[in-house]
2 protein chains.
Amino acid sequence: MSEPLVVGLSAVIVAVTDETPRVLAVRRPGAPGAPEGWGLPSGPLDPERDRTLELALRSWVRAQTGLELGYVEQLYTFGDRERRTAGPWDGPREISIAYLALVREGAAPGPAGATWLDVYDLFPWEDWRRGGPPGVDPVVAPAAARGVGPAGGPSRTARRERADIAFGLGGAAWDGDRVLDRYELLYETRAVAEALRDAGGGSRPTAGTGRALALDHRRILASALGRLRGKLRYRPVAFELLPPLFTLSQLQRTVEALAGLRLHQQNFRRLVEQGGLVEGTGKIETRTGGRPAELFRFRREVLRERPAPGVGLPGRRRRRSADGAA
Amino acid sequence: MSEPLVVGLSAVIVAVTDETPRVLAVRRPGAPGAPEGWGLPSGPLDPERDRTLELALRSWVRAQTGLELGYVEQLYTFGDRERRTAGPWDGPREISIAYLALVREGAAPGPAGATWLDVYDLFPWEDWRRGGPPGVDPVVAPAAARGVGPAGGPSRTARRERADIAFGLGGAAWDGDRVLDRYELLYETRAVAEALRDAGGGSRPTAGTGRALALDHRRILASALGRLRGKLRYRPVAFELLPPLFTLSQLQRTVEALAGLRLHQQNFRRLVEQGGLVEGTGKIETRTGGRPAELFRFRREVLRERPAPGVGLPGRRRRRSADGAA
DNA sequence: ATCACTTATACTCATTGCTAACATAAGGCG
DNA sequence: CGCCTTATGTTAGCAATGAGTATAAGTGAT
């Protein structure tokens with residue numbers, strides 16, 4: 001019942017600065033030859049000291065990066081044998097309990113060895129704010145749809161179907177939440193660097209598939225982004241990333257950054273304002289250019305008024321025109 | 001980094017039979033004096049044999065109960081020190097990775113020592129299909145709202161606020177998904193049997209707070225029910241619990257059983273039919289009484305047509321009449 | 001000072017989705 | 001044969017959404 005097993009905690013710490021979602025990365029020790037040394041902050045669970053898993057996480061994140069985490073939520077527990085990198089290596093099996101944490105912009109970058117990475121450098125195909133990412137859509141989606149099995153075989157057909165759903169091909173709608181599905185398809189079809197690394201193969205990753213992280217950390221991050229996008233819809237998580245007072249544009253840009261979408265400004269305003277999510281303070285923010293904006297704050301009372309308060313995002317309704325001729 | 005830690009897997013295996021959601025429970029070994037011996041099926045992770053966590057789960061569930069699981073989804077990882085029962089006991093810290101599995105009704109109950117428990121025997125306050133559960137609402141909700149701290153103190157006020165939101169008191173709306181919130185409030189206020197047991201206290205649990213399970217298994221089940229209710233909205237999970245062919249009434253009763261709510265029949269029908277979730281086969285089910293019903297099947301194509309296909313449930317919109325005078 | 005430009009905010013309108021009621025169909029049963 | 005039960009079909013009204021148009025209030029250039 002208790003074999004050699006190591007339990008660790010990983011943290012996906014997200015902030016949004018300058019309309020860019022960022023994730024905190026640390027340089028991984030070990031793996032000295034590898035050119036890519038970045039990974040998620042990880043730490044042990046000390047059963048002696050930490051009463052709960054979440055406290056353990058907060059404690060070593062504080063020690064390791066100086067950050068005091070606010071919003072923290074458990075994400076997923078990763079424990080597949082293939083987690084470890086590169087081929088058959090017989091160290092102890094490692095299980096990692098991943099957490100998602102949100103911090104306000106301007107949080108200190110912490111000690112040396114930690115940086116904020118642009119999330120969309122790791123997932124270029126997820127950012128649709130300026131239309132489909134240039135050059136990515138025509139490359140990445142087909143890469144995910146092409147199979148590794150025999151052409152025309154059942155596994156190929158099934159993967160094709162999955163790719164259509166994940167990437168919104170062949171009449172399917174794009175669902176922003178399916179970040180993990182998309183990454184996993186790219187991994188399975190050996191389009192991303194990690195897949196080649198783990199297989200020990202020497203070929204080059206498909207262009208436009210973003211930069212890699214250590215171990216399965218990009219997969220963990222994909223889970224986190226998908227979860228976060230989903231949660232935007234029904235929990236007021238966006239406010240965890242903003243200062244106490246903010247303009248509606250700031251709020252909208254933050255949501256857009258996470259969702260990877262542009263939103264209709266007037267409707268967004270109506271939704272959050274009439275939805276009771278925010279309330280105006282009288283104060284005025286003197287903007288860089290244009291008319292000054294009112295400063296708003298989050299209305300906590302909305303939690304008792306509405307069952308699932310979140311910002312309005314498209315993609316939960318039927319496709320506008322489903323001319324799905326594959 | 002590796003202290004005495006045991007990693008186990010727990011399974012919340014859910015079926016719906018006769019309009020009743022049921023969960024598979026096994027008699028717990030050990031705890032010989034305790035009157036309540038039921039708990040969730042649990043098993044080890046064998047790092048040698050099982051390539052992934054999910055495979056490990058399927059494998060020992062098969063061995064232990066004879067069930068071949070279909071739909072399986074990871075739920076949450078529980079690792080608080082307080083998991084273990086009854087006071088300071090210094091065995092190894094145990095971490096449990098909980099999974100939710102759905103099986104079709106009529107699945108064999110498996111070998112001796114396993115039964116299906118009615119979920120609402122464990123959470124009577126969650127079943128609103130016949131109006132508020134008789135006698136429960138006036139008792140349970142106040143129990144959750146009363147505090148253990150000093151009266152009027154900040155912790156009391158905060159708990160009151162949480163109770164209002166969780167139980168839909170004081171003008172707040174009832175949110176079916178907040179199963180865990182409600183159970184945790186009842187635990188914190190020592191209303192449920194487990195809280196008294198874990199504290200070693202001798203008093204009696206509040207009437208109407210349902211039967212207990214071993215360890216933190218009722219908490220795990222609360223997570224599962226909440227997750228399942230949420231998922232009904234945007235994933236076609238209900239079909240995992242039904243035979244391949246079913247009438248719309250069967251489908252509705254299954255959904256109602258899980259949601260703990262009565263639904264408007266005509267609207268439900270329109271939503272699933274026009275929503276493309278089901279398609280009629282020509283076949284007719286000769287019912288017990290009344291007009292025979294057509295048999296339907298799940299339309300898999302809906303997955304590519306709609307981003308988040310699920311059955312319509314109330315509770316995602318604004319409260320009908322928000323006359324929230326506490 | 002005024003104009004062009006930028007951003008914020010307000011209002012309108014059509015469409016879609018949801019609620020709830022009404023109406024009809026098709027069996028079993030006394 | 002009429003009544004009960006359950007299934008199925010239709011429609012009006014309202015709420016939420018998506019998208020367009022208009023106005024307000026600043027900044028900086030001419």
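Each chain gets a letter, A, B and so on, in the order the sequences are listed, and its residues count up from 1.
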Query - Set of residues satisfying salt bridge (Lys or Arg N to Asp or Glu O under 4.0 Å) with respect to A:Arg297, sequence neighbours excluded - result: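 Result, salt bridge (Lys or Arg N to Asp or Glu O under 4.0 Å) vs A:Arg297: A:Glu279.
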Query raised in the report: NA contact type, A:Thr247, heavy-atom cut-off 4.0 Å: base, sugar-phosphate, or nothing?
Result: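 Nothing, no nucleic acid heavy atom in range.
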Can you check the [X] [atom1] to [N] [atom2] distance for me, whole Å?
X	N	atom1	atom2	value
B:Gln265	C:dA21	CD	P	14 Å
A:Arg262	D:dA19	CZ	P	15 Å
B:Arg269	C:dA20	CZ	P	18 Å
B:Gln274	C:dC18	CD	P	10 Å
B:Lys283	C:dG27	NZ	C1'	20 Å
B:Glu273	C:dG17	CD	C1'	16 Å
A:Asn267	C:dT16	CG	C1'	14 Å
A:Gln252	C:dT9	CD	C1'	13 Å

Query raised in the report: Of the candidate nucleotides D:dT17, C:dA8, D:dT6, which contains the atom at the shortest distance from the side chain of A:Leu271?
Result: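 Selected nucleotide (nearest to the side chain): D:dT17.
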Query raised in the report: Nearest of C:dA8, C:dA20, D:dA7 to any side-chain atom of A:Ala293?
Result: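 So the side chain of A:Ala293 is nearest to C:dA8.
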Query raised in the report: Restricting to pairs with a member in residues 244-258 of chain B, which pass salt bridge (Lys or Arg N to Asp or Glu O under 4.0 Å), not counting sequence neighbours?
Result: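 Residue pairs passing salt bridge (Lys or Arg N to Asp or Glu O under 4.0 Å), neighbours aside: B:Glu19-B:Arg253, B:Glu256-B:Arg262.
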Query raised in the report: Excluding sequence neighbours, so at least two apart, what forms ring pair (Phe, Tyr, Trp, His ring centres under 6.0 Å) with B:Phe123?
Result: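 Residues passing ring pair (Phe, Tyr, Trp, His ring centres under 6.0 Å) with B:Phe123: B:Trp125.
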Report task. Would you please name every residue forming a ring pair (Phe, Tyr, Trp, His ring centres under 6.0 Å) with A:Phe298, sequence neighbours left out? Result ->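 For A:Phe298, the residues satisfying ring pair (Phe, Tyr, Trp, His ring centres under 6.0 Å) (neighbours in sequence not counted) are A:Phe239.
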Query - All side-chain contact (heavy atoms from CB on, under 4.5 Å) counterparts of A:Arg22, not counting sequence neighbours - result: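 Once residues adjacent in sequence are excluded, the partners of A:Arg22 under the side-chain contact (heavy atoms from CB on, under 4.5 Å) criterion are A:Thr17, A:Asp18, A:Thr20, A:Trp116.
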Query raised in the report: Is NZ or CZ of A:Arg182 both nearer than 6.0 Å to the six-membered ring centre of A:Trp174 and within 45° of the ring axis?
Result: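 Yes, cation above the ring, under 6.0 Å and within 45°.
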Query raised in the report: Closer than 4.0 Å, any side-chain N/O of A:Ser249 to the OP1 or OP2 of C:dA8?
Result: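 Answer yes for this pair, as a side-chain N or O of A:Ser249 is under 4.0 Å from OP1 or OP2.
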Report task. State whether B:Lys283 and B:Glu294 are salt-bridged, where the test is any N-O pair (Lys NZ or Arg NE/NH1/NH2 against Asp/Glu carboxylate O) under 4.0 Å. Result ->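 Looking at B:Lys283 and B:Glu294, the cut-off is not met.
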Hey, what are the protein-to-nucleotides 22-26 of chain C N/O distances that come in under 3.5 Å?
from, atom 1, to, atom 2, distance (Å)
C:dC22, N4, B:Gln266, NE2, 2.7
C:dA25, O4', B:Arg291, NH1, 3.4
C:dA25, N3, B:Arg291, NH1, 3.1

Query raised in the report: Of A:Glu294 and A:Arg270, whose closest DNA chain C nucleotide lies nearer the 5' terminus?
Result: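 Final value for this comparison: A:Glu294.
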